Amino acid sequence: MRHDGRQSDQLRSMNITPGFIPHAEGSALIEIGRTRVICTASVEESVPSFLKGSNKGWITSEYSMIPRATSTRTTRESSIGKKSGRTQEIQRLIGRSMRAAAELEKLGERQIWIDCDVIEADGGTRTASITGAFIALSLAVKKLMASNKLTQNPVRSHVAAVSVGIVGGRPMLDLNYVEDSSADVDFNVVMTDRDEFVEIQGTAERFPFSGSALDQLLELGRTGIRQLIHAQRKILEQS
């Protein structure tokens, strides 16, 4: 048993509240354990200059954490005047993950902004952001189709993400902060419901890992993502 009572292959408790921000075309509050992220999808009837005239859309992302999302206050990046390398890396990952789930040609010349704001962080903020962002994106697309702005659904597949790692020599699914900060190996896995990998981010924090350990971690990730996508489907069916 882990310190929070879970088995090695068990996800943290999850709750998704769709439509959490009524002003956005799509939104969701995702709670995974004590990690909580507000995800919104905002539609703009324009595209970046490099896509003008292409009849193709775009999906991009911004990510941030409120100052007291963690145990000590973090200065707002807007006060510093620049985004950290970590923030830029995470928001690019979220954008890539959402684009992997969509056929941009079916979106027309419009852009969807995905904003992920972490209000409480206990490990897995980027993976929770991706899983919640897909709900927000899907709800925004649903609204576009209901208003006849889209004739075809551009969403080709579900996408979700989860962390896996080796902690104390044991492969574990969905690491919280305590586990993540002491992990020997730490991975973030992003997959679609077609059993496709979108991205794998992994590193040996302390000791190198074997090919068999890698296979174990990827299988753990696949198992967790299937459960997350099942939860996504239920939420969207009811929304």
Side-chain angles (χ1 to χ4, degrees), residues 14-32 36-64 90-119 126-162 190-199 225-239:
M14 181 178 69
N15 185 58
I16 299 175
T17 306
F20 189 73
I21 302 293
H23 302 296
E25 284 80 3
S27 68
L29 167 67
I30 182 166
E31 301 170 272
I32 297 183
R36 297 188 293 162
V37 187
I38 298 171
C39 305
T40 59
S42 303
V43 178
E44 290 184 352
E45 295 296 326
S46 62
V47 290
S49 57
F50 70 90
L51 282 174
K52 286 183 178 177
S54 68
N55 198 33
K56 183 177 179 180
W58 191 246
I59 304 171
T60 191
S61 174
E62 288 194 358
Y63 167 96
S64 67
I90 292 175
Q91 61 190 32
R92 287 169 182 162
L93 171 64
I94 297 167
R96 288 194 298 270
S97 299
M98 295 305 105
R99 292 193 293 274
E103 296 178 76
L104 298 177
E105 296 80 6
K106 293 181 179 179
L107 195 57
E109 285 200 26
R110 57 177 53 87
Q111 179 168 232
I112 299 180
W113 278 94
I114 304 293
D115 290 290
C116 297
D117 293 281
V118 179
I119 59 175
R126 74 185 68 194
T127 54
S129 294
I130 290 167
T131 302
F134 179 79
I135 298 292
L137 172 65
S138 297
L139 292 174
V141 166
K142 184 178 180 180
K143 185 168 285 189
L144 287 170
M145 295 190 71
S147 62
N148 295 317
K149 291 184 178 180
L150 290 179
T151 56
Q152 300 180 79
N153 191 340
V155 177
R156 64 178 286 274
S157 59
H158 280 245
V159 66
V162 74
V190 188
M191 293 185 71
T192 72
D193 61 353
R194 301 183 182 196
D195 213 29
E196 305 160 322
F197 288 101
V198 175
E199 192 147 342
I225 286 171
R226 284 173 178 164
Q227 295 175 52
L228 294 170
I229 288 174
H230 177 71
Q232 286 176 335
R233 289 189 190 283
K234 288 180 66 176
I235 292 295
L236 290 171
E237 285 169 4
Q238 297 165 8
S239 300

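Predicted model only: the values in this text are computed from it and were never measured.
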Peer 1: Nearest 0.5 Å, what's the CD1-CD1 distance between I59 and I94?
Peer 2: 13.0 Å
Peer 1: Report yes or no: does R194 contribute a side-chain atom to a donor-acceptor pair with the main-chain N or O of R156 at less than 3.5 Å?
Peer 2: yes
Peer 1: Please state whether the rings of F50 and W58 are parallel, tilted or perpendicular, taking 30° and 60° as the class boundaries.
Peer 2: perpendicular
Peer 1: Kindly compute the distance separating OG1 (T40) from CG (D115), expressed to the nearest 0.5 Å.
Peer 2: 4.0 Å
Peer 1: Quick one: does E109's side chain have a donor or acceptor within less than 3.5 Å of a partner on G53's backbone?
Peer 2: yes
Peer 1: Begin from the C-alpha positions of I114 and Q91 and carry the test side chain to side chain contact (heavy atoms under 4.5 Å, CB included) through to its verdict.
Peer 2: CA-CA 9 Å; I114 304 293; Q91 61 190 32; over 6 Å; no
Peer 1: For the salt bridge (Lys or Arg N to Asp or Glu O under 4.0 Å) test, which of E45, E25, E44 pairs with R110?
Peer 2: E45
Peer 1: With distance as the sole test, does S27 use its side chain to make a donor-acceptor pair with the main-chain N or O of F20 at under 3.5 Å?
Peer 2: yes
Peer 1: Before you tell me yes or no, could you show the steps for Y63 and V37 under side chain to side chain contact (heavy atoms under 4.5 Å, CB included), namely the whole-Å CA-CA distance, both residues' side-chain angles and the distance that decides it to 0.1 Å?
Peer 2: CA-CA 10 Å; Y63 167 96; V37 187; 5.9 Å; no
Peer 1: For a quick test of reading the model, state the closest non-hydrogen atom pair linking L139 to P18 and the distance between them.
Peer 2: CD1-CB, 3.9 Å
Peer 1: Please check: side-chain N/O of Q232 versus main-chain N/O of V159, any donor-acceptor pairing under 3.5 Å?
Peer 2: yes
Peer 1: Given T60, which partner from the list R92, R96, M98, Q111 fulfils the side chain to side chain contact (heavy atoms under 4.5 Å, CB included) test?
Peer 2: Q111
Peer 1: If we ignore hydrogens and angles and just use 3.5 Å, is the side chain of T131 paired with the main-chain N or O of A161 as donor and acceptor?
Peer 2: yes
Peer 1: Under a 3.5 Å distance rule, please check whether S157 uses its side chain to pair with a backbone N or O of D193 as donor and acceptor.
Peer 2: no
Peer 1: What closest approach, in Å, do A41 and I112 show between heavy atoms, and which atom pair accounts for it?
Peer 2: CB-CG2, 3.9 Å
Peer 1: Test side chain to side chain contact (heavy atoms under 4.5 Å, CB included) on L29 and I119 and set out the steps.
Peer 2: CA-CA 10 Å; L29 167 67; I119 59 175; 4.2 Å; yes
